[in-house]
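Working notes, beginning with the structure itself.
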There are 2 protein chains.
Amino acid sequence: MKTISVSKAKEFAEEVGIAFEQTGLPRMAGRILGWLLVSDPPHQSMEQLTNTLTASKGSISTTTRLLIQHGLIERISLPAVRHDYFRLRSDTWQHMIGRGLTGEIIMFRQLAERGLGLLGEKTTANSKWLKEMLNVYTFLEQEFPALLERWEKEHQKDLQTVKQSR
Amino acid sequence: MKTISVSKAKEFAEEVGIAFEQTGLPRMAGRILGWLLVSDPPHQSMEQLTNTLTASKGSISTTTRLLIQHGLIERISLPAVRHDYFRLRSDTWQHMIGRGLTGEIIMFRQLAERGLGLLGEKTTANSKWLKEMLNVYTFLEQEFPALLERWEKEHQKDLQTVKQSR
DNA sequence: TACTTTGTTCAGTATTGACAAAACATATTA
DNA sequence: TAATATGTTTTGTCAATACTGAACAAAGTA
């Protein structure tokens, strides 16, 4: 029976921190997510978070609120327990994808529109370029959700397979 | 005949700057891209860039090099002209997509793998979650290029339509 | 060879933003 | 009401980094 190494888990939390920093969230947000991804149990109190991540209460408090607003984690409370716990939401990856990928697609589609609006009716090398950009991102904006739906369907099958193999 | 407003174009460059900042590039990189998207002519000298963006030579020099490395712009030189020009590459949007969307997909797929590696064989609430995450991002990593190829095919058709309508 | 034009590199500055620490607020138990 | 536990908000500090400005390099012109 292999027990998970806490120090390795902390390293992992740091890595996730770096990764999420690249997506625009504060590093601490990624650290919390990273830890919640591998912590046992999957729900952790604020005290546990401050200890394992060696961060201040204030930082954890602010960042957990941010993550809750983004729909990535949720606060849970147990009866007869003073403090709350945080855990990943079951649909966190949907939100991650929506915030990152879908958000970027929409942003660039809007930029292309604005740029074309500036150029007006004139057809220049630039307008040709911008039209192509608008074209791609509009396409992605339509097709990307369809792609995710396709995954969900295939995923349903996977789950059934898992059930059968029990 | 509507002439493009320079001040509006500068505003646009600033907006693109903000947008690209969110994707991890320096703001100045986005400003340059934004200006090149609407400037007339589509190729601009370093002096023109320093003037319109009110930025220092050094900043433009450093940032154009960065953009060239990323494959987003290219340096062009005209015969009998001392200075060089910069312009968008025709395949810039492919690089934008690759850097942003594809990169993010790969990054998160790798994170899920690392997390699962940490948990080992144990099946917990977390491992179930991570497996799902790995599942989605692996799916996206495979299907996203296919999606782009599909666009390119449909795009070929568009171009032919344009030719016919001339 | 001097001079000008063009572009790069580097040192210093300024700005941004994440974080810690402490003050503050709220609620629970005694 | 006092005392304790829990969580939030705010203020200040520090670090990262984009940017400016100046020194420097290279290459073309007189």
Side-chain angles (χ1 to χ4, degrees), chain A residues 10 13-36 43-70 72-87 99, chain B residues 10 13-36 43-70 72-87 99:
Chain A
K10 286 183 185 177
E14 289 298 325
E15 283 180 41
V16 181
I18 301 274
F20 271 84
E21 194 170 50
Q22 289 173 25
T23 76
L25 286 185
R27 184 177 297 192
M28 187 63 74
R31 279 198 274 247
I32 293 173
L33 289 173
W35 174 251
L36 290 178
H43 53 91
Q44 296 281 297
S45 69
M46 200 168 107
E47 199 194 352
Q48 289 174 309
L49 290 175
T50 58
N51 287 338
T52 54
L53 303 177
T54 48
S56 69
K57 267 197 310 173
S59 189
I60 300 292
S61 173
T62 307
T63 312
T64 47
R65 190 154 45 77
L66 178 76
L67 287 171
I68 289 170
Q69 284 170 350
H70 276 86
L72 296 175
I73 66 173
E74 61 192 348
R75 184 192 298 270
I76 57 177
S77 75
L78 301 181
V81 175
R82 285 276 197 102
H83 57 270
D84 295 344
Y85 291 94
F86 302 98
R87 74 169 170 210
R99 222 187 50 78
Chain B
K10 287 183 185 177
E14 289 298 326
E15 282 180 42
V16 181
I18 300 273
F20 271 85
E21 195 170 48
Q22 289 174 24
T23 76
L25 287 184
R27 183 176 299 192
M28 187 62 75
R31 279 197 275 245
I32 293 173
L33 290 174
W35 175 251
L36 290 178
H43 53 91
Q44 297 280 298
S45 69
M46 201 167 109
E47 200 194 351
Q48 290 175 310
L49 290 175
T50 57
N51 288 338
T52 53
L53 304 177
T54 48
S56 69
K57 268 199 307 174
S59 189
I60 300 293
S61 173
T62 307
T63 312
T64 48
R65 191 157 42 78
L66 179 76
L67 287 171
I68 289 170
Q69 284 170 351
H70 276 87
L72 297 175
I73 67 174
E74 60 192 348
R75 185 191 299 270
I76 59 178
S77 76
L78 301 180
V81 175
R82 285 277 198 98
H83 57 269
D84 295 343
Y85 292 94
F86 301 98
R87 73 167 171 213
R99 224 186 49 78

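Here is the naming used below: chain letters follow the sequence lines, and residue numbers restart at 1 for every chain.
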Quick one: does any side-chain atom of [X] pair with a main-chain N or O of [Y] as donor and acceptor, under 3.5 Å?
X	Y	result
A/Thr63	A/Ser59	yes
B/Ser61	B/Gly58	no
B/Thr64	B/Ile60	yes

Is [X] close enough to [N] that one of its side-chain N or O atoms is under 4.0 Å from OP1 or OP2 there?
X	N	result
B/Arg75	C/dT8	yes
B/Ser59	D/dT20	yes
B/Arg65	C/dT9	yes
A/Ser61	D/dG7	no
A/Arg31	C/dC19	yes

| query | Looking for any heavy atom pair under 4.0 Å, which part of the strands does A/Thr54 touch: base, sugar-phosphate only, or nothing? | reply | sugar-phosphate

Interatomic distance, [X] [atom1] vs [N] [atom2] [rounded to whole Å]:
X	N	atom1	atom2	value
B/Asp84	D/dG28	CG	P	12 Å
B/His83	D/dT29	NE2	P	13 Å
A/Arg82	C/dA27	CZ	P	13 Å
A/Met46	C/dT26	CE	P	16 Å
A/Leu66	C/dC19	CG	P	11 Å
B/Leu78	C/dT5	CG	C1'	16 Å
B/Tyr85	C/dT5	OH	P	16 Å
A/Glu14	C/dA18	CD	C1'	14 Å

| request: Map A/Lys57 and A/Pro26 onto DNA chain C by nearest heavy atom, then report which one ends up closer to the 5' terminus. | output: A/Pro26

| said: Return whichever of A/Thr62 or B/Thr62 has its heavy-atom-nearest nucleotide of DNA chain D closer to the 5' end. | reply: A/Thr62

| Residue pair B/Tyr85 / B/Gln48, side-chain heavy-atom distance below 4.5 Å | yes

| message | Restricting to non-hydrogen atoms, name the atom on A/Thr52 and the atom on A/Lys10 that form the minimum distance, rounded to 0.1 Å. | response | O-CE, 3.4 Å

